[in-house]
There are 2 protein chains.
Amino acid sequence: MCKNHTIIFTFVIMVQKMDMADFISNGFKQFIPQLSIDCTIFGYHENQLKVLLRSWKGVDGWCLPGGYIDRSESIEEAAHRILNERTGLTNVFLQQYYTFGDLRRLMNPGNEILLKSSWLYKDARGSWLGDRTISIGYYALIEFSKAVPKPDEFSKDCAWWDIQNLPVLLFDHEQMINKAINTIRTQLKYQPVGLNLLPNKFTLPELQKLYETILDRTIDRRNFQKKILSLGVLKRLDQRRKIGAHRSPSLFTFDKVKYKRALSESKGPGF
Amino acid sequence: MCKNHTIIFTFVIMVQKMDMADFISNGFKQFIPQLSIDCTIFGYHENQLKVLLRSWKGVDGWCLPGGYIDRSESIEEAAHRILNERTGLTNVFLQQYYTFGDLRRLMNPGNEILLKSSWLYKDARGSWLGDRTISIGYYALIEFSKAVPKPDEFSKDCAWWDIQNLPVLLFDHEQMINKAINTIRTQLKYQPVGLNLLPNKFTLPELQKLYETILDRTIDRRNFQKKILSLGVLKRLDQRRKIGAHRSPSLFTFDKVKYKRALSESKGPGF
DNA sequence: TAATATTGTGTGCCAATTACACAATGTACT
DNA sequence: AGTACATTGTGTAATTGGCACACAATATTA
């Protein structure tokens, strides 16, 4: 009972803070009630696939950056706006992947909060607090170094987390992340995943480790290089990376024209 | 100007009718505003892939069967309910595939209706008529003979249409159908498409024509049979179909246990 | 009984995937 | 300087899978 009160209370705080943050950054917007967007933002750094998460002051646990949809913007535009508010980036590779609408998706596992209880609270968007909010999931692929995590003044923190070492997540956001990973895994053949996650210059072993991380399996180094190079979407540069006491690998960059042509011919960089 | 008035007027009629229909079939429900579900229902009959469409009295053009989400049901449950209201079927194979949220998705192409005009009309769900409604797209695969199209009293008609010969569609519903076809095309390898679209007993040429229709290309008959049979998901029955002046093809049925096992091993019936 | 259209099965070629081996390179240590 | 070592770069053979193609079996009709 006491526990439930606490959780409801943190809900109220979060909703109020989110409204305030939205208001400050966007001015007055007429948000669609009971509908939101959550972004799973992937980055890749030091051979680790990472997601950008935020936490709230006064609330334990992390969650995906998200926001609401204004009546005057498409959901695509809303997703880009939300992403920009959080990372400062524009023109990001962003894809819708699933809409989450389970009744209990905002309940933390194990907690038995009854919906429609007397604690119901109608917030500024006309949603009933405690009502289920349906959330449209987008995933973004961004170059790690370009993103500047922007914690607003209501965030406790905003940080990158390793996919293989996630913190405790609020709501159903762990499920959302898992579904996003699964999506980029199956789309690796057909979408420019490597191009969007890696920096402009990279080595073949770096590209391979990205593939291995996403696919969660090892790939034979020799076969990988043979196949990737045969696709003709990479340009070998006259530079090498110094990697300590070993042979220096060549740096490559994506030939974006050829990459797009290969994708449109559905000859993507698959494995 | 006059044309715009007419279109707005048909909108009003449709919304009112939809509310009424929902009310009659469901009793009072607290629908989530500005959010809907549309179902692309696929059936297969006489070597043709078909979709179930409905039309409204007093409105030209056809659209996908759809409905609203109640605050007390998950979107999955809502999709099943809507499908059941339209076809009478339960336990249908149903998959979410995309959420459509363009600002102008309810506008017919070529019409320049300004949003937020003075004609705005607030309907029973708190939506502004003329506001964009976001719609979650589901596709269903059902056995043609089991579905009984159920036009309610506000429908002009409810009928199956060949994929290759669609009527004029309202809103963005042609785009929704195309995206659904594209989805089952790419998921043919990983989802039990044949199992859900075909009747219990079928011949290999019938199965092949289904694949050819969905993939929109021809497949070599001998290679198709070899590959499909090698998957081990079919059981050959001791029966043959009479097809006139030709050799009688064997009837087959799906071995559902082996089918599911093959899917989970991602060795689906691909091409 | 022959003609015809359709089903059922087999064979060989080519491309792609996979398994596996060895040479080249950059640094550190002796 | 020379050797040890880990890593990169390239090659080759075996296997698998997709694709093109040929022929026998079957059911009806003329």
Side-chain angles (χ1 to χ4, degrees), chain A residues 46-47 185-186 188-190 194 198 201-213 215-253 262-263 265-271, chain B residues 46-47 185-186 188-190 194 198 201-253 262 265-271:
Chain A
E46 289 173 346
N47 290 332
R185 184 174 296 155
T186 57
L188 195 51
K189 266 197 178 74
Y190 316 106
L198 289 175
K201 298 174 183 179
F202 54 90
T203 68
L204 289 187
E206 285 164 8
L207 181 61
Q208 180 178 343
K209 281 192 182 112
L210 171 62
Y211 272 74
E212 290 180 333
T213 306
L215 295 173
D216 198 26
R217 67 182 178 88
T218 58
I219 304 170
D220 183 273
R221 189 171 49 86
R222 298 153 288 192
N223 293 332
F224 178 82
Q225 300 206 0
K226 208 186 337 174
K227 184 163 176 184
I228 282 288
L229 290 177
S230 74
L231 293 171
V233 299
L234 296 183
K235 270 190 297 199
R236 187 190 292 267
L237 303 174
D238 271 341
Q239 290 175 282
R240 292 169 177 279
R241 193 189 291 295
K242 298 282 184 187
I243 54 163
H246 309 294
R247 176 171 181 171
S248 304
S250 279
L251 284 170
F252 288 82
T253 191
L263 283 180
E265 290 166 1
S266 64
K267 287 179 182 172
F271 267 90
Chain B
E46 290 174 344
N47 292 332
R185 184 174 294 155
T186 58
L188 197 52
K189 267 196 175 78
Y190 316 104
L198 289 175
K201 297 175 183 178
F202 54 90
T203 68
L204 288 188
E206 285 163 8
L207 181 62
Q208 180 179 341
K209 286 203 178 99
L210 171 61
Y211 272 72
E212 290 180 333
T213 306
I214 293 174
L215 295 174
D216 197 27
R217 65 182 178 90
T218 58
I219 305 171
D220 183 272
R221 188 171 50 86
R222 298 153 287 191
N223 293 332
F224 179 82
Q225 300 205 1
K226 207 187 338 174
K227 185 163 176 182
I228 282 287
L229 291 176
S230 74
L231 294 171
V233 299
L234 296 182
K235 271 191 295 201
R236 186 190 293 266
L237 303 174
D238 271 340
Q239 290 175 282
R240 291 169 179 278
R241 192 188 292 294
K242 298 282 185 188
I243 54 162
H246 310 293
R247 177 171 182 173
S248 304
S250 279
L251 284 170
F252 287 83
T253 192
E265 291 167 0
S266 65
K267 288 178 182 173
F271 268 90

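In what follows, chains carry the letters A, B, and so on, assigned in the order in which the sequence lines appear, proteins first and then strands, with residues in each chain numbered from 1. Keep in mind it's a predicted model, so treat the numbers as computed, not measured.
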Next item on the list: Just jot down the salt bridge (charged side-chain N to carboxylate O under 4.0 Å, His left out) partners of Arg222(A), sequence neighbours excluded, or say none.
Entry: Asp220(A)
Strictly under 3.5 Å: I want the nitrogen or oxygen pairs between protein and nucleotides 10-17 of chain C, one per line.
{"from": "dT11(C)", "atom 1": "O4", "to": "Lys226(B)", "atom 2": "NZ", "distance (Å)": "3.1"}
{"from": "dT17(C)", "atom 1": "OP1", "to": "Lys227(A)", "atom 2": "NZ", "distance (Å)": "3.1"}

Just distance, no hydrogens or angles: give the donor-acceptor pairs under 3.5 Å from side chains in residues 244-253 of chain B, sequence neighbours left out.
{"from": "Ser250(B)", "atom 1": "OG", "to": "Arg236(B)", "atom 2": "NH1", "distance (Å)": "3.1"}
{"from": "Thr253(B)", "atom 1": "OG1", "to": "Asn200(B)", "atom 2": "O", "distance (Å)": "3.0"}

Next item on the list: State the CG-CD1 distance between Asn223(A) and Ile228(A), to the nearest 0.5 angstrom.
Entry: 12.0 Å
Check: Is Ser250(B) touching bases, backbone alone, or none of the nucleic acid, heavy atoms closer than 4.0 Å?
Finding: sugar-phosphate
Margin query: Applying side chain to side chain donor-acceptor pair (under 3.5 Å), can you list everything that pairs with Lys201(A), at least two apart in sequence or on another chain?
Written below: Gln239(A)
Check: Residues in side chain to side chain donor-acceptor pair (under 3.5 Å) with Arg240(B), at least two apart?
Finding: none
Next item on the list: Rounded to the nearest angstrom, tell me the gap between atom CZ in Arg247(A) and atom P in dG26(C).
Entry: 7 Å
Note to self: If I compare all heavy atoms of Val233(A) with all of Ala262(A), which pair ends up nearest, and what's the gap?
What the structure shows: CG1-CB, 3.9 Å
Note to self: Using the side chain to side chain contact (heavy atoms under 4.5 Å, CB included) criterion, which residues pair with Glu212(A)? Sequence neighbours excluded.
What the structure shows: Gln208(A), Lys209(A), Thr218(A), Ile219(A)
Notebook entry, point to check: Which residues pass the salt bridge (charged side-chain N to carboxylate O under 4.0 Å, His left out) test with Asp216(B), sequence neighbours left out?
Noted result: none
Next item on the list: Please name all residues satisfying ring-ring contact (aromatic ring centres under 6.0 Å, His included) with Phe202(B), sequence neighbours left out, ordered by chain then number.
Entry: Phe254(B)
Notebook entry, point to check: If you walk 5' to 3' along DNA chain D, what is the first nucleotide with an atom under 4.0 Å of a heavy atom in chain B, and what is the last?
Noted result: dG18(D) to dT28(D)
Note to self: List the residues meeting side chain to side chain donor-acceptor pair (under 3.5 Å) with Glu206(A), not counting sequence neighbours, and say none if there are none.
What the structure shows: Arg241(A)
Margin query: So, taking the atom named CZ in Phe224(A) and the one named CG in Leu207(A), what distance separates them when rounded to the nearest 0.5 Å?
Written below: 4.0 Å
Note to self: For Phe252(B) and Arg221(A), find the nucleotide of DNA chain C closest to each by heavy atoms; which residue's nucleotide sits nearer the 5' end?
What the structure shows: Phe252(B)
Check: For the pair made of CD in Gln225(A) and P in dT18(C), what is the distance, rounded to whole Å?
Finding: 16 Å
Checklist line | Atom-to-atom span, CD1 of Ile228(A) to C1' of dT18(C) - whole angstrom | finding: 16 Å
Notebook entry, point to check: Which of residues 235-242 of chain B sit near DNA chain D, with a heavy atom under 4.0 Å from it?
Noted result: Lys242(B)
